[in-house]
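Worksheet: the structure to be examined is printed underneath.
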Amino acid sequence: MKVLVIGSGGREHALIWKIQQSPKVSHTYCAPGNAGIAEIAETVNLSASDIEGLARFASKNEVDLTIVGPEVPLTMGIVDLFEKSGLKIFGPSKKAAEMEGSKSFSKEIMKKYGIPTAAYESFTSKEEALTYIDRVGAPIVIKADGLAAGKGVVVAMTVEEAKAAVHSIMGEKVFGSAGNSVVIEEFMEGEEASILAFSDGKNVAMLPSAQDHKPIFDDDYGPNTGGMGAYSPAPVITKEMEKEILETIIIPTIKGMASEGRAYKGILYTGLMITDKRPKVVEFNARFGDPECQPLMMRMESDIIPVMEASTDGTLDKVDIKWKEGASVCVVMASKGYPGSYKKGQVISGLDTLKKEENVFVFHAGTKESGEDVVTNGGRVLGVTATGENVKNAITRAYGAVHKINWDGAYFRKDIGKKALERNQ
Ligand code: AMP
Ligand code: GLY
């Protein structure tokens, strides 16, 4: 079968790496892709948000299954458009993807179906939001309602900071119409982790736990990024807690969405805060996490294609997914200056030597080909991912590979996986 993957990050490279291990797949396209993806798939010069162009491409090239990486095409309704054209596609419909597209919508669902999360209020009036902050005080969390490329959340430690966030989101509209309303929620203290689950609208299959590292600097200092590294499993989530997450969060969410007439198919990503040993939802995303997808794909034993087909066909109860024992770790190598401004076009060295290495794979994110070279082309550049018998081993292997790669201005966190090591001791 012919598969089309939409997106251009490390997540999409990892999905393609995994998809191509399926004996069912004969050809892979990726739109738009990156330099690493171009080495293993046919890249197509279409943007991830050109949903009409992508549907035309899939029809013309008789693509059997399309897999959507990022959230923007999902919230634009790419799944509805493809299905209307008789094309098979993995992901939630526009109405279901609102779980990520609108924070106030996802909070309403959580409230209605009793899903554990931070207490909150939504506001469309700036003045009312400011009055509320005065009343409840800090610490408090301010969230732009709509998509803001992961930047629309301010964890405010003071009332002044919280009010400044409301002014910039609702007054200055720094995230455009995503700031027409805000969610203001209770600050939760704890350790974060991610649980992803496949869903076919009724049945779910949970993936192993993972943990992202959002802040740019070691020990979680500095501004948030798209994610500087991830590992799986995350020992902060115990086996019993996994069961609790499935029963109190994932199943009620999928059931709730079905009864709202918004059957949720694809991947449901749940960002969790583990507070006093209880899991609470921080956010839902309508797609695989990046970088969580990279270590998860390296741990997946089963063929992913039948699982994705079962998710789209409503037969997920018929599949059994196997995962590799041990652990995997992804260290993100970024351009110096990210998440602020950074240089592009730096020549990356050391990639070829790693191609022979076992248990290590370098997933590309912001890279492009330039003549014979691979050069940097974004903030997050590479996701160096390794498996091991345990997290310690996987960390050693991943950093061993990171040290073989270089470019002028390469930056990475030195402590990916440290929280897991501390818990395992
Ligand atoms: P979100 O986009 O909703 O995941 O928020 C981005 C980040 O802000 C999360 O990964 C958390 O680190 C932090 N955050 C969001 N909501 C809360 C909350 N209620 N309490 C504490 N931290 C939060
Ligand atoms: N790693 C967080 C996300 O993909 O949103």
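Read the numbers this way: they start at 1 and go in the same order the structure lists the ligands and their atoms. When reading the values below, keep in mind they use all heavy atoms of this one structure, side chains included, and skip hydrogens, waters and symmetry mates.
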Under 6.0 Å from the six-membered ring centre of Phe412 and within 45° of its axis: does the NZ or CZ of Lys414 meet both? yes
Atom 11 (C) of ligand 1 [closest protein heavy-atom partner, distance rounded to 0.1 Å]: Glu192 OE2, 3.2 Å
For ligand 1, is there an atom lying under 4.0 Å from some heavy atom of Met273? yes
Testing the 3.5 Å rule here: is there a donor-acceptor pair between the side chains of Gln294 and Thr385? no
List ligand 1 atoms under 4.0 Å from Glu283, heavy atoms only on the residue side. 1 (P), 2 (O), 3 (O), 4 (O)
Taking 4.0 Å as the limit for heavy-atom contacts, which would you say applies to Glu189 with ligand 1: side chain only, backbone only, both, or neither? neither
Considering non-hydrogen atoms of the protein only, which is the closest contact for atom 5 (O) of ligand 1, and what is the distance? Val153 CG2, 3.4 Å
Answer yes or no: is there a donor N or O on one side and an acceptor on the other, between the side chain of Arg11 and the main chain of Arg287, under 3.5 Å? no
Which residue and non-hydrogen atom of the protein lie closest to atom 5 (O) of ligand 2, and at what distance in Å? Arg287 NH2, 3.0 Å
Has the side chain of Ser328 got a donor or acceptor atom that lies under 3.5 Å from a matching backbone atom of Ala386? no
Does Met188 reach ligand 1 with a nitrogen or oxygen that is under 3.5 Å from one of the ligand's nitrogen or oxygen atoms? yes
Look at ligand 1 and say whether Asp212 reaches it with a heavy atom at a distance under 4.0 Å. no
Is it the case that Ser8 and Asn34 place a side-chain donor and acceptor less than 3.5 Å from each other? no
Ring centers of Tyr29, Phe57 separated by less than 6.0 Å: yes
Hey, can you tell me if His13 and His364 have their rings parallel, tilted or perpendicular (30° and 60° cut-offs)? perpendicular
So, Ser259 and Tyr113: side-chain donor and acceptor under 3.5 Å apart, yes or no? yes
Mind checking whether Asp212 has an N or O less than 3.5 Å away from an N or O of ligand 2? yes
Does any N/O atom on Lys214 come nearer than 3.5 Å to any N/O atom on ligand 2? no
Per-atom filter on ligand 1: closer than 4.0 angstrom to a heavy atom of Lys214 are 10 (O)
Numbered atoms and elements of ligand 1 in range of Asn224, under 4.0 angstrom, heavy atoms: 7 (C)
Criterion salt bridge (Lys or Arg N to Asp or Glu O under 4.0 Å) on Glu185 and Lys107, from CA distance to verdict: CA-CA 10 Å; Glu185 66 176 41; Lys107 294 296 284 191; 2.8 Å; yes
Does some non-hydrogen atom of Gly227 fall short of 4.0 Å from ligand 2? no
What protein heavy atom sits nearest atom 23 (C) of ligand 1, and how far away is it? Val155 CG2, 4.0 Å
Quick one: sort the Tyr399 and His403 rings into parallel, tilted or perpendicular, breaks at 30° and 60°. tilted
Return yes or no for this condition: an N or O of Glu185 is under 3.5 Å from an N or O of ligand 1. yes
Using a 4.0 Å cutoff against the non-hydrogen atoms of Val141, which atoms of ligand 1 qualify? 16 (N), 17 (C), 18 (C), 19 (N), 20 (N)
Side-chain (Asp212) to main-chain (Gly227) donor-acceptor, under 3.5 angstrom: no
Pair Glu98 + Arg262, salt bridge at N-O below 4.0 Å: yes
May I ask you to check if ligand 2 and Arg11 share an N or O to N or O distance below 3.5 Å? no
Gly226 touching ligand 2 at heavy-atom level, < 4.0 angstrom: yes
Give the numbers and elements of all ligand 2 atoms closer than 4.0 Å to a heavy atom of Gly289. 4 (O)
